[in-house]
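Inspection log for the structure reproduced underneath, given as structure tokens.
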Protein chains: 2
Amino acid sequence: MSEEPRNTRQAAAGERRVGTQIRRDVMQLILDRRLPPGAPLPTEAELMESLGVSRNSVREALKALQALDIVEIRHGYGTYVGQASLTPLVDGLTFRTLAGVADDHAALTEILQIREVLEEGLIRRVADGIGDDGLARLESIVGRMEGAARAGEAFPDLDRTFHETLYDTLGNALVPQLLAAFWNVYHRVAKVRGWTSDPAPAVTACRHRDILTALRARDVAGAERAMADHFRGIEARSGQATLGVR
Amino acid sequence: MSEEPRNTRQAAAGERRVGTQIRRDVMQLILDRRLPPGAPLPTEAELMESLGVSRNSVREALKALQALDIVEIRHGYGTYVGQASLTPLVDGLTFRTLAGVADDHAALTEILQIREVLEEGLIRRVADGIGDDGLARLESIVGRMEGAARAGEAFPDLDRTFHETLYDTLGNALVPQLLAAFWNVYHRVAKVRGWTSDPAPAVTACRHRDILTALRARDVAGAERAMADHFRGIEARSGQATLGVR
DNA sequence: GGGGATTTGTCCGTATGTATC
DNA sequence: CGATACATACGGACAAATCCC
């Protein structure tokens, strides 16, 4: 009775840090039970008993998993399986950009370049397989863009929705989420920096119209060029904004 | 003395959740003081005094920031500014893939498709601006690949290094990190699933040789085709692996 | 290499706010 | 509205790891 292994954690030699082990255990629990997003998880009390750890350790591990959107905690109600979205990427990239040792224009240009490469490559695949319903949905969005542009208003949400719907037809759920993540980082940084949003809505609406027109004509090369032009416009706006604060 | 605003947090009405507010405060502290990655942060005791909260709350917030790689905690030493790497993305995507309601082959195909679009678009820009030193570094890597292939051994690390060095010349620090993140997710899932690594190293080495040859000849279209062929090979391997466990 | 100081890791107990039924 | 279950937050205590002298 000289040494009593309080729990099974030390004996298994899985991890020396309790907190890390709890994180792995909770993730493994979700995987083992095939719990879908939104499914209820054991309460903190149940976890501290089944894992043999204190409430504080459970909470710290749960907070870490919450930051990764692997679990979702609702105050006074319970803990649930999270959506595993790309929110952590948005938070991380936003912080990284704002904290950049160099000026943020360079960091934002990097993000923009990746978006550009992605969308230029994707538009080709979209042009091949888009159907009439997809074109109709895009037409509706572009129509609303032109309406807002005539009123002289910017339309960041419509812009985002356009690109999101554009790649819905690919059947790749990760693509719209990744592009939305980059989009969110860009606009969140712009908001913090106090940049004005889209000084020329009419031009932006025209760019989207060009993309849709090329898509209708099944003009792959034209769609690629239209998308490239669109990004030239964004870069120009971004460059002017940084010039303004210098 | 009837009401003493212990801190400025409640008065500003920024957030009603203490934990969330601490997270924002610590991030803002890093931004305000222009602290670079690796710089020391206040100790837990200092934070609980300056923010007027308990140690548990400080620790929970710090654990969340640690999961995002925004801070780095060293047991018995101190807390430091993190690298803000893409580790959270790797963790999230790996979990998301393993927990996928559909089979993981679909989820991995999504990741692979994004890598494919990215690298096919990037290789074009690389072919324009790569110098002799870059070609020499790639030559060295491909040479070691061919050596390993002759010995019948797989070379996952060399594969990863090849793609990483390939895009070093772009001057976009985010590109290699993002590709490395996708690469890590793919191989981590493959490891968990017990897939065998690269059954035909000779073919893989040949694909990389093709890319390098096209790059030397400044053959943009050829480089793009070689890269596409490379991904066809990966997809074939991935498809066979999932067939094997069925 | 030994010892003390500092800092994070873990645990316990208690009180409070919050959402659901 | 009350009752209940749950997360949120606080305070104190000791253990473990690291560093410095």
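First the proteins, then the strands, lettered A, B, ... as listed; each starts at 1.
Distances from the side chain of B/Y77 to the nucleotides D/dT18, D/dT8, D/dA9 place D/dT18 closest. Between C/dT7, C/dG9, D/dA7, one nucleotide has an atom nearer to the side chain of A/R17 than all others, and that is C/dG9.
Contact of A/N56 with C/dG9 (side chain to base): no donor-acceptor pair of N or O atoms is detected under 3.5 Å. Side-chain atoms of A/H75 stay outside donor-acceptor range of the base of C/dT18, with no qualifying N/O pair under 3.5 Å. Below the 3.5 angstrom threshold, one finds a donor paired with an acceptor across the side chain of B/R55 and the base of C/dT10.
Straight-line distance from the CD atom of B/E72 to the P atom of D/dT18: 13 Å, rounded to whole Å. Distance OH (B/Y80) to C1' (D/dA17): 13 Å, rounded to an integer number of Å. Rounded to an integer number of Å, the gap from CD of B/Q21 to C1' of D/dT8 is 15 Å. With rounding to whole Å, A/I22 atom CD1 is found 11 Å from C/dC11 atom C1'. Protein atom CD of B/E60 is 8 Å distant from nucleotide atom P of D/dT8, rounded to whole Å. Atom-to-atom, CE of B/M48 to C1' of D/dT8 comes out at 16 Å; the value is rounded to the nearest Å. Atom pair B/R59:CZ and D/dC10:P shows a separation of 15 Å (rounding to whole Å applied). The nearest whole Å value for the distance from the CD atom in A/E49 to the P atom in C/dC11 is 14 Å.
Relative to the six-membered ring of B/F155, B/R144 misses at least one condition, a distance below 6.0 Å or an angle of at most 45° to the axis.
When each of A/G76 and B/A45 is assigned the nucleotide of DNA chain C bearing its nearest heavy atom, the one mapping closer to the 5' terminus is B/A45.
Going from atom CZ of B/F182 over to atom CZ of B/R115 covers 9.5 Å, rounded to the nearest 0.5 Å. For the atom pair CZ of B/R55 and CD of B/E44, the computed distance is 4.5 Å after rounding to the nearest 0.5 Å. Going from atom CZ of B/R96 over to atom OG1 of B/T94 covers 11.5 Å, rounded to the nearest 0.5 Å.
Between D/dC10 and B/S57, a contact under 4.0 Å exists linking OP1 or OP2 to a side-chain N or O. Put simply, B/T79 has no side-chain N or O that comes within less than 4.0 Å of OP1 or OP2 on C/dT7.
Ring-plane geometry between B/H187 and B/W183 is classed as parallel, the angle between the planes falling under 30 degrees on a 0 to 90 degree scale with a further cut at 60.
When heavy atoms are screened at a 4.0 angstrom cut-off, A/R74 is found touching the sugar-phosphate backbone but no base atom.
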